[in-house]
There are 2 protein chains.
Amino acid sequence: MPASRAKKAAAAPRKRDAAVTREAILKSARRAFAAHGYDGAGVREIAADAGVTAMLVNRYFGSKEGLFAEAVDDAMSGASVIRKDMSDLASLGDYLAAGVLETTDPDATPLDGSLMMVRTGGTTNPRVIEIGRKQIEKMHLKTLTAALKGDNAAERAALILSLIAGVQIMRQMIGLTPLAKTSPAALQKLLAPVIQQLVDGK
Amino acid sequence: MPASRAKKAAAAPRKRDAAVTREAILKSARRAFAAHGYDGAGVREIAADAGVTAMLVNRYFGSKEGLFAEAVDDAMSGASVIRKDMSDLASLGDYLAAGVLETTDPDATPLDGSLMMVRTGGTTNPRVIEIGRKQIEKMHLKTLTAALKGDNAAERAALILSLIAGVQIMRQMIGLTPLAKTSPAALQKLLAPVIQQLVDGK
DNA sequence: TTCGTATGTATACGGTCGTAGACATAGATC
DNA sequence: GATCTATGTCTACGACCGTATACATACGAA
């Protein structure tokens with residue numbers, strides 16, 4: 001058997017199924033963008049992880065920006081920081097605090113949109129930031145604002161999201177010691193009343 | 001007058017003063033890193049803004065990472081989110097809230113370290129994140145923790161920094177509508193009691 | 001005045017990036 | 001079974017990145 005014959009052995013040559021391939025790229029993109037941000041994730045890396053060539057990404061999504069837009073939409077609509085019955089305002093602080101402190105290993109979970117949300121700020125490309133901002137406002141901010149009672153609901157909701165984003169950045173991306181080393185349960189006890197204060201509006 | 005004679009006209013050919021040049025590069029680096037993050041800022045851009053060649057940056061600072069380390073140190077030690085008499089705990093929430101909502105135009109101000117702090121999370125390079133994390137812990141976290149009374153001072157301080165970072169990201173980098181469009185004074189009224197709650201430790 | 005050295009520049013190398021264009025082939029259609 | 005098209009790959013281009021090497025020159029000491 002001549003060596004030039006076997007392409008690389010191993011992996012089966014991939015079935016030609018557009019829907020399946022598209023979904024694989026999207027899933028790979030969600031993980032990559034969440035883990036490394038828009039600038040940090042390369043289309044070659046995303047494609048390889050999905051088992052395809054980089055050019056297929058562009059064929060399906062037009063460009064890296066197009067892929068990002070779909071990935072963010074997919075991640076945020078599939079599951080949100082805000083996903084329970086919002087009517088129970090009394091326990092919302094505790095619930096959201098628990099959600100923030102979930103480990104959310106980006107390589108394992110389907111990934112709720114919050115890490116993606118956070119990663120949006122990492123780039124400088126204005127169009128990319130715009131994509132992220134609009135999705136955050138449409139999915140998270142709108143839902144949370146609608147649930148809150150009292151004055152300045154939108155501003156309080158925005159502050160809640162800011163707090164969530166800040167904790168995630170400091171804990172998961174930067175690894176700030178008191179957040180990274182303390183148990184989620186202990187942190188939750190400290191974080192929950194702070195969020196609750198914003199929920200109640202003083 | 002032959003055209004080949006005048007290099008580019010305009011700018012004087014720069015005095016040869018190592019200290020001045022070094023400082024100019026550092027200042028330019030602070031602005032660039034704060035505005036575009038570590039990955040987003042290029043050494044050519046930083047050098048050009050300081051009026052020198054890219055290679056001078058490496059001559060003075062060894063590498064881009066070395067420059068970043070010095071820039072972060074410079075920005076955070078020069079002025080900090082924490083800069084007033086910390087003994088007045090009763091007004092600390094209001095004071096910090098006001099500080100966060102300062103416009104801090106990165107192209108104009110000497111730049112306190114908070115935007116730099118935030119931008120640190122934007123990269124994926126572990127050594128760069130480490131540089132930022134250590135500086136945050138040494139400058140901001142340590143000072144703030146020392147000022148707080150009661151249990152879990154370090155964790156509460158970390159949450160305060162997280163909230164500050166989150167608000168800055170959402171407001172200045174992402175431009176989340178309720179934060180970007182609302183007046184600083186109004187936001188301060190909402191934000192101050194939240195921070196104060198973490199200062200007081202419930 | 002001479003000359004050594006600190007200061008700054010010019011050029012280029014190897015690498016990665018996003019993506020354009022030409023080519024290959026599996027699988028449905030007749 | 002022949003053919004057509006969607007699906008996927010290969011190669012390469014141009015632009016940027018950080019930085020190493022080689023060169024030019026202003027300044028201070030002799």
Side-chain angles (χ1 to χ4, degrees), chain A residues 4-8 10-26 28-29 32-33 36-71 122-128 131, chain B residues 4-8 10-26 28-29 32-33 36-71 122-128 131:
Chain A
S4 61
R5 185 61 178 75
K7 304 179 75 148
K8 200 72 177 196
R14 162 161 227 94
K15 278 298 183 69
R16 294 202 173 192
D17 186 325
V20 168
T21 301
R22 221 188 117 94
E23 204 56 38
I25 294 174
L26 209 50
S28 171
F33 285 137
H36 311 123
Y38 179 81
D39 294 325
V43 307
R44 284 176 176 83
E45 164 200 357
I46 292 172
D49 191 55
V52 297
T53 317
M55 267 316 295
L56 257 203
V57 171
N58 275 9
R59 177 110 72 193
Y60 278 118
F61 299 94
S63 67
K64 187 186 181 183
E65 280 183 25
L67 173 63
F68 182 73
E70 282 217 36
T123 186
T124 301
N125 185 325
R127 284 193 305 275
V128 172
I131 290 169
Chain B
S4 60
R5 183 61 178 75
K7 302 180 73 146
K8 200 72 176 195
R14 164 168 284 279
K15 277 297 185 67
R16 295 203 173 192
D17 186 324
V20 168
T21 302
R22 222 189 115 93
E23 204 56 36
I25 293 174
L26 210 49
S28 170
F33 284 137
H36 309 124
Y38 180 81
D39 294 325
V43 307
R44 283 177 176 83
E45 165 199 357
I46 292 172
D49 192 55
V52 297
T53 318
M55 267 315 295
L56 257 203
V57 171
N58 275 8
R59 175 111 71 196
Y60 278 118
F61 299 93
S63 68
K64 188 186 181 184
E65 280 184 26
L67 173 63
F68 182 73
E70 281 218 36
T123 185
T124 301
N125 184 325
R127 284 193 304 274
V128 172
I131 290 169

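All chains are named by letter (A, B, ...) in the order of the sequence lines, taking the proteins before the strands, and each is independently numbered beginning at 1.
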Indicate every side-chain donor-acceptor pair of residues 48-61 of chain B with a distance under 3.5 Å to a residue at least two apart or in another chain.
residue : atom : partner : partner atom : Å
B:D49   : OD1  : B:R31   : NH2          : 3.2
B:D49   : OD2  : B:S28   : OG           : 3.3
B:D49   : OD2  : B:R31   : NH2          : 2.2

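Summarising the geometry of B:K64 relative to B:D39, their closest heavy-atom pair is NZ-O, 4.0 Å, with the distance given to 0.1 Å. Here the closest heavy-atom approach between residue A:A69 and residue A:I131 is recorded as CA-CG2, 3.7 Å.
The aromatic rings of B:F33 and B:F68 sit perpendicular to each other, their planes meeting at more than 60°, with 30° as the lower class boundary.
Listed by chain and number, the residues in a salt bridge (Lys or Arg N to Asp or Glu O under 4.0 Å) with B:E65 are B:R127 (sequence neighbours excluded). The side chain to side chain contact (heavy atoms under 4.5 Å, CB included) test applied to A:A32 returns A:A41, A:E45, A:I46, not counting sequence neighbours.
Among the protein residues, A:Y60 comes within range of the sugar-phosphate backbone only, with heavy atoms under 4.0 Å from sugar or phosphate atoms but none that close to a base.
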- Note on the structure: Quick tally for nucleotides 17-26 of chain C: nucleotides whose base has a protein heavy atom under 4.0 Å get B, sugar-phosphate-only ones S, the rest -, giving BBBBB---BB

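One finds the CG atom of A:N125 at 12.0 Å from the NE2 atom of B:H36 (value rounded to the nearest 0.5 Å).
Nucleotide D:dA24 holds its C1' atom 13 Å from the CG atom of B:L56, rounded to whole Å.
Each end of the helix from C:dT1-D:dA30 to C:dC30-D:dG1 gets its own rotation axis from five pairs of C1' atoms, and the angle between them is 10° to the nearest 10 degrees.
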